[in-house]
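Note sheet for the following structure.
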Amino acid sequence: MKIYVYRCEATILFEYIFDDHVFTHKLTTPADINPAEDAIALIALFARPRNSDNYFLQGVTPSRKIIAFLEKSLNAIINTRTSDKTKNTSRADKTPEDKFLAFSGGFDSIAADYVMARSAPLVSIDFGGMFSREVKFFQKFMPKTFSWDLRGARSGQSIRFNENIDWRFLLSPLLCLKRAERNMGVISGTILEASPYWFSGKERPEFSQYSPYQFGPDTALLCPVGCISEYGTALISKNTLADSELQESLDSLAGLASFKRYRKQVLLSSLTMSEPPAIGEKIARHKFGSSYGDDMVSLYVSWKFGEDWTRKNYCGNIPNINGLNMSFFEKYNPENMKTLDPLLSRSVSKKIEEIGIPPATRKDLSSIEIAIKLRETFIKTSRLGL
């Protein structure tokens, strides 16, 4: 695959040529930002439309250490002109000198901003198209905003960007804010049930240092709400936003006829144990086994509102939870706090507890493992047709 990068003031154009296809996207940075060559190279590869064993990158001169990182991360050869101006040492400090929060205006990023005590500058991405609904709300928080036409269908191009290739594209524009010779923390709104890595009741090792595994040398990924569930981020949003802002956030994060929006509405109802709304006629219920995060929320909803209600309104094939206690969903996982440096971990824990979310007990962590096993058993028996 050939990748060409063209820069003109605040606009960066990326062009990919492969298998007789041409794919382009354009990133416009805030006027006061001058992205380093390393950042542009990372964005070019994280936002690739297809995978390849060989990439030919032109129009940018990244450091050798960034190319070495990318080749290892992508398991590919990258041919490009490199610069060795950047020192070839990685400083995995415990406390990144600069931190920036990826902010969409949804409940998860609202919660991340809260637990960080609103200490990190907010950075948003205007993807345009169907994502324009986010802009109206997040711009009220005055974030630094990038404009990027990467996602969705566009005229003149026969292929669409595949968002499943590399999740890092979502956060990659924040790398443009990295300053030379300083390490950086990219803050994500990733939550407890986002993946099996976070949704775990196992004991974690004590914090030693941040890893450059995701974004390369001198850049750490921080997930301060990786310890709380979607229930927790809904609770924080409800308690920190005005009623009108809460509605605006809900409007921004999902369309009216989407299951995602309905899921948020059900979770908001769970905060007060009020009767959740019935599912809309145009909204398809969740199918258990099809999505890790939605499956875990479904188990919580079944525990909270009962299996009969859940089958009728939320998830038609919800398995019997057999007395599983899902109260851990309303707490935070202290083991996941160990992914943060001790100073930040204490600060985040304090903010979470101040708003009314207690720490999970050892028994709660055991229940997480039971929930994982329940899902695994369901999927296994479904495949066997039992």
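Just so it is clear, the structure is predicted and the values come from calculations on it, not from any experiment. The basis for the numbers below is simple: all heavy atoms, side chains too, and nothing from hydrogens, waters or symmetry mates.
- For I77, the CD1 atom counts as loosely surrounded, since its 6.0 Å shell holds 12 or fewer non-hydrogen atoms of other residues, nucleotides or ligands.
- A donor-acceptor contact shorter than 3.5 Å links the side chain of K338 to the backbone of R204.
- Note on K140 versus E245: no salt bridge recorded, every NZ/NE/NH1/NH2 to OD/OE distance being 4.0 Å or above.
- Taking a cutoff of 4.0 Å between a charged side-chain nitrogen and a carboxylate oxygen, E369 and K202 qualify as a salt bridge.
- At a threshold of 4.0 Å, the pair D218-R182 does not count as salt-bridged, since none of the basic side-chain nitrogens sits closer than that to a carboxylate oxygen.
- Across all non-hydrogen atoms, the minimal contact from F329 to S229 is O-OG, 2.5 Å.
- Separation of atoms CD1 (I78) and CG (L45) is listed at 4.5 Å; rounding is to 0.5 Å.
- The heavy-atom pair separating D98 from F100 by the smallest distance is CB-CE1, 3.9 Å.
- Here the straight-line distance linking atom OG1 of T28 with atom CG of L13 works out to 10.0 Å at 0.5 Å rounding.
- At a threshold of 4.0 Å, the pair R7-E37 counts as salt-bridged, since one of the basic side-chain nitrogens sits closer than that to a carboxylate oxygen.
- Between K144 and D32, at least one side-chain nitrogen of the basic residue sits less than 4.0 Å from a carboxylate oxygen of the acidic one, meeting the salt-bridge criterion.
- Atom CG in L42 sits 12.5 Å away from atom CG in L171 (nearest 0.5 Å).
- Atom CG of N75 has 12 or fewer heavy atoms from other residues, nucleotides or ligands within 6.0 Å.
- Inspection of the D243 and Q247 side chains reveals no N or O donor paired with an N or O acceptor under 3.5 Å.
- The aromatic rings of F23 and H25 are tilted relative to each other, their planes meeting at an angle between 30° and 60°.
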Could you list the donor-acceptor pairs under 3.5 angstrom formed between side-chain atoms of residues 117-125 and any protein atom two or more places apart in sequence or on another chain?
from: S119; atom 1: OG; to: M116; atom 2: O; distance (Å): 2.6
from: S124; atom 1: OG; to: F103; atom 2: O; distance (Å): 2.6

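- The local environment of NZ in K351 is crowded, with over 12 non-hydrogen atoms from other residues, nucleotides or ligands closer than 6.0 Å.
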For residues 311-319, which side-chain N or O atoms pair as donor and acceptor with protein atoms under 3.5 Å away, sequence neighbours left out?
from: R311; atom 1: NH1; to: E307; atom 2: OE1; distance (Å): 3.4
from: R311; atom 1: NH2; to: I318; atom 2: O; distance (Å): 3.0
from: N313; atom 1: ND2; to: W309; atom 2: O; distance (Å): 3.1
from: N317; atom 1: OD1; to: F288; atom 2: N; distance (Å): 2.7
from: N317; atom 1: ND2; to: F288; atom 2: O; distance (Å): 3.3

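- The number of heavy atoms from other shown groups lying within 6.0 Å of NZ (K2) does not exceed 12.
- Around OH of Y6, the count of heavy atoms belonging to other residues, nucleotides or ligands within 6.0 Å exceeds 12.
- Of the inter-residue distances, the one linking S349 atom OG with L344 atom CG reads 9.0 Å to the nearest 0.5 angstrom.
- The closest side-chain heavy-atom distance from D126 to F131 is not below 4.5 Å.
- For D38 and S63, the side-chain atoms include at least one donor-acceptor pair closer than 3.5 Å.
- R151 forms a cation-pi arrangement with F127, by the criterion of a distance under 6.0 Å to the ring centre and an angle within 45° of the ring axis.
- A 6.0 Å sphere centred on CD of E376 holds more than 12 heavy atoms belonging to other residues, nucleotides or ligands.
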Subject >> side-chain hydrogen bond (donor to acceptor under 3.5 Å, both in side chains) between D364 and T361, worked out >> reply: CA-CA 5 Å; D364 291 322; T361 64; 3.0 Å; yes
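- The CD1 atom of I43 sits 6.0 Å away from atom CG of L175, with the distance rounded to the nearest 0.5 Å.
- For L101 against L174, the heavy-atom pair with the smallest separation is C-CD2, 4.1 Å.
- Taking the ring centroids of Y16 and H21, they lie at or beyond the 6.0 Å cut-off.
- Other residues, nucleotides and ligands place more than 12 heavy atoms under 6.0 Å from the NZ atom of K99.
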